[in-house]
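One structure is given below, encoded as structure tokens.
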Amino acid sequence: MSILVIAEHDNNQLKSATANTVAAAQKLSALMGSSVDLAVLGQDCQSVVTQASSVEGIDNVLVADSAAVAHQLPENLAPFLADLVQQKAITHVLFCSTAQGKNVAPRVAALLDVAQISEVTDIIDEATFIRPTYAGNALAKVKTSDPIKVLTIRSTAFDGVDMTSGAASVVALSDVKDQELSRFITESVVESDRPELTSARVVISGGRGMQNGENFSLLESVADKIGAAVGASRAAVDAGYVSNDMQVGQTGKIVAPDLYIAVGISGAIQHLAGMKESKVIVAINNDEEAPIFNVADLSLHADLFEALPELEKTL
Amino acid sequence: MKVLVAVKRVVDASVQVRVKADKTAVDLANVKMSMNPFCEIAVEEAIRLKESGIAEEVIVVSAGEDACQEQLRAGLALGADRAIHIQSDAELQPLAVAKLLHKVVDQENIGLVILGKQSIDGDNNQTGQMLAALAGMPQGTFASNVVIENGEAVVTREVDGGLQQIGLKLPAVVTTDLRLNEPRYASLPNIMKAKRKPVAQITAEELGVDVAPRLSTLEVNDPPARASGKRVGSVVELIDALKVEGVL
Amino acid sequence: MQREQMEFDVVIVGAGPAGLSTACRLMQQANEAGKELSICVVEKGAEVGAHILSGAIIEPRALNELFPNWEELGAPLSVPVTEDQIYFLRDSEKSIKVSNIMTPKSMHNHGNYIASVGNLCRWLAEQAENLGVEIFPGFAADRIVYGEDGRVAGISTGDMGLDSEGKPKANYMAGMDLLAKYTIFSEGCRGHLGKELIAKFDLDDGVDPQHYGLGIKELWEIPNELHQPGLVLHGTGWPLSDSASTGGFFLYHTDNNQIVVGLITDLNYSNPHVSPYDEFQRMKHHPLISKYLSGGKRISYGARAIAKGGLNSLPKMTMPGALLLGCDAGTLNFSKIKGTHTAMKSGILAADVLFPELISQGNGGLDLVQYKEVFKQSWLHDELFKSRNFGAALHKYGTLVGGALNVIEQNIVSFPFTLHDTAPDYACLKPADECKSINYPKPDGLLSFDKPSSVFLSNTYHEEDQPCHLKLKDGDVPLSNNLPVFNEPAQRYCPAGVYEVLDDGNGAKRFQINSQNCVHCKTCDIKDPAQNITWTVPEGAGGPSYPNM
């Protein structure tokens, strides 16, 4: 029995989501008493390998440095990983629940003829997991009957392990064969002054308390300082302060950033439905009884027109 | 080229689902069911390929109980040419669905399969990738643009923080993201015509696929309610607390 | 612009009990006679039943006539009423149980069923489709199409894919004209096309103004040990009595450990501070009600106006090329608080009158005045006649005296006279400063809730970027007249938080319409004191999505 975590990286940098996935692997490892290896598949990814070997609690870093996986093409990755899993008698394969992990994990699972379990938020035992369904409105406890478990791990559900204190051995793997089914053309980071609402790590949203559209510039100034996306409640959109595409909520965008700052938002349930999965929620509101304070991790009862400029200055 | 579109019957996106008191499942009694929104986008993309002369035929397929014929008819009303219903009363999990679709892909000699990236009930995001693996096809998941040229599908994918463009040899599997297109409405005459179009039916057994579930659901729970946290007295205190949380 | 057209024998607007009964009965007769009929039902809800909200206790009389084998066909009437209790709530704590002999016969429910009318309609739609009726949910009848001779020639479905300015979006789809020999309007209470027809053809000439109530209903899942399937509670008094308003509550134990609880507020209330929503929320704290709800979980919420004027307010139901049926006309029997069996019966009778016309090779378009006679000969008329004084007695003499008159009239002796109530509901409001203001308690989040959380449970959804479907004849009236005189009552009578008066931050006020919240109850169209709000249909499929309501 052994556990394999697939590292998320861009050939230069190991992504922090990997640390969260390793944390999930360690929870499993504690239950099963098995080792945890970390696979780095890429091209010219030596710096990633170095970082990976420093991740806490990893026994071996398995490295495949091949042109065929330079861009993480799943057609090439999946057969290679499926072979690796069988060769090494791996019982648990863990991916990050990222676009990359979700792209590859099911392909690996299908080649192994096993189910894949998505967006795991908790581990009960080696075959039983918790995962959200219905956009997080129900948590299912599922048990798999398959011998090999292929999981994607929701990073916000596990606190990442230390990425500097480990000392893993590096093991080189064979070359990855190009299946010649697909080719990489280009990749572009979306050029935007601000990150997109649904993918931003920090979101700052304004509600009816902003009083008009011009006042949203107060939010934008804070957002620019911390690289946050700017959102709005439906009340603010309905009142015509900002456009529809900024709406966070049941009928707008569903966001789950690490930090969500709700400013002048009362916290109607429609809004909560769109942001309640956020890791840390901050509420700034001058209404002591605003329902948003019931769900906020940090509540500041203050006049937003004073708090926002101060926030911008202090950050 | 024949295009196959898989569609799934799911609870309507407007319905607030509720976990049953006995914690076995969510309560779907008499709630509105619809075509999964990502599948609607898949149907629309296929219809557009047909309208631009690239696809000769668009086939919609769904697997499940008889009620899912309603969603097949919705696909026909939007412009699909014919429909296949894979009848099964079993709980169909992504691997089983992928195996069923694989059989249809082989039988129908499909050039392009378009699926939604995930369904809004199970939120699995697996079926397209699994089908691609089983059929030995390349996959373009989370597509926001699809162009067919020179025997290749050039797919723009929505990846974390940006867009990726890849080229896929045909036949291929594409799964749709929200921004791929804006689905049209079905017109009343087309809905009427769709009611009269035949829906081919085949069972999972006839396709020779073992659809037994691999996962059993032991329990379903409401997500834990968020508790109210700490009050902070000032902006400075707030920033300090955020630093402690490690989110600033 | 010439719109696309389709022609049918009959077009039916609204897949409720009246419209679906008409459709089923027509097809039954056609199939029996070996004739072909084309019947099209359009329904603005995303599916049949999505917009249906009713108590409901159903009297199966009309269903027995339409489908004598309904049990075999699986009609969802599974919980017979086993016990009837009636209460008078004296205040927030005390209640008096009223003995059966003291209540009018119409309030007795033996032989009736607790059911979801939404689910009944889903079932009726299945029967109709099996019989050959075409049903199109998600298509809203937006306008009436008139023939050159002025007759009703059909309806036009609304355009889809218009933005908030009314300009076509990329997915724009023009509406269609659905033309018919006869068009059935069965939109439910205060249908926006029905309202137009009543005015255009003077259908309400010589009858009392229609009267309305606003029914607000919740579905709860309660602990098994508190659940008594078949138990039915009705009552009146507090909390509406505090503001001298009238109405009544209901609480029915249905199946699956579920109960429905609701309050109907008569919309002729005079105190503009009244909020029917908050009246209902505080009512749930009364020990008589809370003893069932405590420990339970609210699972659904909705609201709908009901037409309760009865026979005295019933307009003429026919006009050239069309019939107005069910609650769209006002066939509800308020003394029974039941409208399903009467709506169904009005549809069955319509089918009986229509069928010979349809197979007579004529072009349709006639005013089928013979409906009136058929109606008069039916038990529907008989039933409405017997209870014609019920509502007016309560309006005129209050719950106690009016109620006593109803007991005497229905259980003992029929009065030879008719009571009339001629003040329309919208005209009953008194200026705010002449009325006692009401301090509603804050919701506790266990038994009582705020409006947004409630609307959330109605699964209400409207495409965001579309023209506002709540039209003001004069955009200034809310702030120039309604606000100073009545403290703009729309803020309170709307049970979905659609209307708000906001400060714009510079000391000025703004009238905000959150049309996306609208649960299609029609109260604004009824109660606005200036009759300045016109409810129109939003883009098809918008609105609540009620399961089991």
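So you know, we letter chains A, B, ... as the sequences are listed, proteins then strands, and number each from 1. Just so it is clear, the values below take in all heavy atoms, side chains as well, and ignore hydrogens, waters and symmetry mates.
- Distance CD/A:Q116 to CG/B:L215: 9.5 Å, rounded to 0.5 Å.
- Between B:V247 and A:P257, the closest side-chain pair of non-hydrogen atoms is not below 4.5 Å.
- Taking CD of B:Q164 as the reference point, atom CD of A:Q100 lies at 8.0 Å (rounded to 0.5 Å).
- In this structure a side-chain-to-backbone donor-acceptor pair under 3.5 Å is present from B:D160 to A:A99.
- Between B:M130 and A:R107 the shortest side-chain heavy-atom distance does not fall below 4.5 Å.
- Both the backbone and the side chain of A:I281 come within contact range of chain B, each with at least one heavy atom under 4.5 Å from a heavy atom of that chain.
- With rounding to the nearest 0.5 angstrom, the CZ atom of B:R157 is 12.0 Å from the CD1 atom of A:I185.
- Most heavy-atom pairs under 4.5 Å with chain B: of the set A:D113, A:V104, A:L272, this distinction falls to A:D113.
- Note that CG of A:L300 is 12.5 Å distant from NZ of B:K230, once rounded to the nearest 0.5 Å.
- Interface remark: A:A78 contributes no atoms to any contact with chain B (heavy atom separation under 4.5 Å).
- Side-chain contact of A:S118 with B:N125: a donor-acceptor pair under 3.5 Å is absent, judged by distance alone.
- Nearest approach of A:T133 to B:D123, heavy atoms of both residues: C-OD2, 3.7 Å.
- Within residues 306-315 of chain A, the residues that have a heavy atom under 4.5 Å from a heavy atom of chain B are A:A307, A:E310, A:L311, A:T314, A:L315, listed by number.
- Smallest separation of non-hydrogen atoms from A:P74 and B:Q139: CG-NE2, 3.5 Å.
- Side-chain contact of B:N124 with A:E119: a donor-acceptor pair under 3.5 Å is absent, judged by distance alone.
- With a threshold of 4.5 angstrom between heavy atoms, A:V282 approaches chain B through side-chain atoms but not through N, CA, C or O.
- With a 4.5 angstrom heavy-atom cutoff, A:L298 touches chain B via backbone and side-chain atoms both.
- Contact between A:G136 and B:P223 at its shortest, heavy atoms only, is O-CG, 3.2 Å.
- Close approach to chain A, defined as a heavy atom under 4.5 Å from one of its heavy atoms, is seen in B:S234, B:V235, B:V236, B:L238, B:I239, B:A241, B:L242 of residues 234-243 of chain B, taken by number.
- Here the side chains of A:K102 and B:K117 are not in contact, with every heavy-atom distance at 4.5 Å or above.
- To the nearest 0.5 Å, the span separating CD on B:Q16 from CD1 on A:I269 amounts to 7.5 Å.
- Two residues are said to be in side-chain contact when any heavy atoms from C-beta on lie closer than 4.5 Å; A:D297 and B:R226 meet this criterion.
- Using a 4.5 Å cut-off between heavy atoms, A:I117 touches chain B through backbone and side chain atoms alike.
- Looking at A:E75, the atoms closer than 4.5 Å to chain B (heavy atoms on both sides) all sit in the side chain, from C-beta outward.
- Shortest non-hydrogen contact noted between A:A138 and B:V26 is CB-CG1, 3.7 Å.
- For the pair B:R18 and A:Y134, the NZ or CZ position fails the cation-pi test of under 6.0 Å to the six-membered ring centre and within 45 degrees of the ring normal.
- Residue A:Q179 does not touch chain B at all, counting heavy-atom pairs closer than 4.5 Å.
- In this structure, chain B has no heavy atom under 4.5 Å from any part of A:T121.
- In this structure, the separation between CZ on B:R214 and OG1 on A:T144 is 8.0 Å, given to the nearest 0.5 Å.
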